[in-house]
Asks: 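Sharing a structure here in structure tokens format.
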Amino acid sequence: MAEAQRTIGEDFTDAVLTGEEWDGQEFERCDFTDAELGALRTRNCVFTECTFTRTDLAESRHRATAFRSCRFNRAVLRDSSFDGCSLLGSSFVDCRLRQWVLRETDLTLAGMGRADLRKVDLRGIRFREANLSDADLRRCDLREADLVGARLLGTRLDDADLRGARIDADGLAQSTLTGARVDMETALAFAAAQGLRLD
């Protein structure tokens, strides 16, 4: 796969592609179920409506790559990194996300309900209108993150650092925030969401 190419509707089920390097590849509606993609390296690639069910993406590295409306179901993303990537509209169900590294990555409209993201560094990450209901974000670094419009019903933000984060007051009221660090603007928004009068 050295030359740039577009692959549509290909079945990569059970494929062993460990350690490969893909640059400028495009995949549309491809199925990577049970594929071995550990230590995969992608750069400037685009995956559109692809399926990653039980896919092993451990220790993979992705740079300036887009995963648009992809489905990650019980995928292993342990120790993987996404740098300058877009995961717009993608969904993550029962995935292993421990030690996930995200830098300047867009998770707008992503489905991450019940995701376990404890202690993950999420500084500056864009979660605009993402579904984070019942997700575990305890002790996360969310400084400067964009959570505008995100669904935060039952989200655990205990001991998270939310300084400088953009987050709706309703979202704050629906999540748990014990020990969370916030700036004054967020504290005032939270107080107002709880019905307090600020005189």
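As the structure is a computational prediction, the values presented were derived from the model and not from experiment.
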Asks: Cluster question for you: counting only ILVMFWY and a side-chain heavy-atom cut-off of under 4.5 Å, with indirect links fine, are Val76 and Leu117 together?
Replies: no
Asks: For Cys140 versus Lys119, what's the shortest heavy-atom pair and its separation?
Replies: SG-N, 3.9 Å
Asks: How about CZ on Arg151, more than 12 heavy atoms from neighbouring residues, nucleotides or ligands closer than 6.0 Å, or not?
Replies: no
Asks: Give the minimum heavy-atom separation between Gly9 and Cys30, together with the two atoms involved.
Replies: N-SG, 3.9 Å
Asks: Considering residues, nucleotides and ligands other than Arg139, do more than 12 of their heavy atoms fall under 6.0 Å from its CZ?
Replies: no
Asks: If you look only at distance, which donor and acceptor atoms sit under 3.5 Å apart when one is on a side chain in residues 166-173 and the other is two or more places apart or in another chain?
Replies:
from   : atom 1 : to     : atom 2 : distance (Å)
Asp168 : OD2    : Gly149 : N      : 2.7

Asks: Got a sec, which residues hit salt bridge (charged side-chain N to carboxylate O under 4.0 Å, His left out) with Asp106, two or more places apart in sequence or on another chain?
Replies: Arg126
Asks: Kindly give the heavy-atom pair with the smallest separation between Leu40 and Glu20, and that separation in Å.
Replies: CD1-O, 3.4 Å
Asks: In a table with atom names and distances, give each donor-acceptor pair under 3.5 Å that connects a side chain of residues 41-52 to protein atoms at least two apart or in another chain.
Replies:
from  : atom 1 : to    : atom 2 : distance (Å)
Arg41 : NH1    : Ala39 : O      : 2.8
Arg41 : NH1    : Glu59 : O      : 3.2
Thr42 : OG1    : His62 : ND1    : 2.8
Thr42 : OG1    : Thr65 : OG1    : 3.0
Thr51 : OG1    : Arg71 : NH2    : 2.6

Asks: On a heavy-atom basis, which atom in Ala110 and which in Leu87 lie closest, and how many Å separate them?
Replies: CB-O, 4.2 Å
Asks: Identify every side-chain donor-acceptor pair in residues 152-165 under 3.5 Å, counting partners at least two apart or on other chains, and give the distances.
Replies:
from   : atom 1 : to     : atom 2 : distance (Å)
Thr155 : OG1    : Leu132 : O      : 2.6
Thr155 : OG1    : Leu152 : O      : 3.1
Asp158 : OD1    : Thr178 : N      : 3.0
Asp158 : OD1    : Thr178 : OG1    : 3.4
Asp158 : OD2    : Thr176 : OG1    : 3.0
Asp161 : OD1    : Arg163 : N      : 3.2
Asp161 : OD1    : Arg163 : NE     : 2.9
Asp161 : OD2    : Arg163 : NE     : 3.3
Asp161 : OD2    : Arg163 : NH2    : 2.6

Asks: How would you list, by chain and number, every residue that makes a side chain to side chain donor-acceptor pair (under 3.5 Å) with Thr105, sequence neighbours excluded?
Replies: none
Asks: If two hydrophobic side chains count as joined below 4.5 Å and joins carry through other members, does Leu177 share a cluster with Leu147?
Replies: yes
Asks: Decide side chain to side chain contact (heavy atoms under 4.5 Å, CB included) for Leu102 and Leu107; before the verdict, give the C-alpha distance in whole Å, the side-chain angles of both, and the deciding distance to 0.1 Å.
Replies: CA-CA 10 Å; Leu102 302 174; Leu107 280 153; 3.9 Å; yes
Asks: Say whether, by atom type as modelled, one donor and one acceptor occur between the side chain of Ser80 and the main chain of Leu57 under 3.5 angstrom.
Replies: no
Asks: Who pairs with Arg118 by salt bridge (charged side-chain N to carboxylate O under 4.0 Å, His left out), at least two apart in sequence or on another chain?
Replies: Asp116, Asp136
Asks: Which atom pair, heavy atoms only, marks the closest approach of Ala64 to Cys85?
Replies: N-SG, 3.8 Å
Asks: Using side chain to side chain donor-acceptor pair (under 3.5 Å) as the criterion, list what pairs up with Arg103, not counting sequence neighbours.
Replies: none
Asks: Could I get the full list of salt bridge (charged side-chain N to carboxylate O under 4.0 Å, His left out) partners for Asp141, not counting sequence neighbours?
Replies: Arg123, Arg143
Asks: State which residues pass salt bridge (charged side-chain N to carboxylate O under 4.0 Å, His left out) with Arg181; sequence neighbours excluded, sorted by chain then number.
Replies: none
Asks: Cluster partners of Leu88, using ILVMFWY side-chain heavy atoms under 4.5 angstrom, listed by chain and number?
Replies: Leu109
Asks: Indicate if Leu77 and Phe12 have the same hydrophobic cluster label, given that clusters are the connected sets of ILVMFWY residues with side-chain heavy-atom separations under 4.5 angstrom.
Replies: yes
Asks: Looking at OG of Ser90 and CZ of Phe67, how far apart are the two atoms once the value is rounded to the nearest 0.5 Å?
Replies: 8.0 Å
Asks: List for me each residue that meets side chain to side chain donor-acceptor pair (under 3.5 Å) alongside Ser133, sequence neighbours excluded, and say none if there are none.
Replies: Asn131
Asks: So, using side chain to side chain donor-acceptor pair (under 3.5 Å) as the criterion, who are the partners of Glu28 when residues are at least two apart?
Replies: Arg6
Asks: Apply salt bridge (Lys or Arg N to Asp or Glu O under 4.0 Å) to Arg74 and Asp94, showing your working.
Replies: CA-CA 5 Å; Arg74 288 176 284 165; Asp94 295 331; 5.5 Å; no
Asks: Please report the closest heavy-atom contact between Trp100 and Val120, naming both atoms and the distance.
Replies: O-CG1, 3.4 Å
Asks: Measuring from atom CG of Asp14 to atom CD of Glu36, what distance do you get when rounded to the nearest 0.5 angstrom?
Replies: 8.5 Å
Asks: Return yes when atom CD of Glu10 has more than 12 non-hydrogen atoms of other residues, nucleotides or ligands closer than 6.0 Å, and no otherwise.
Replies: yes
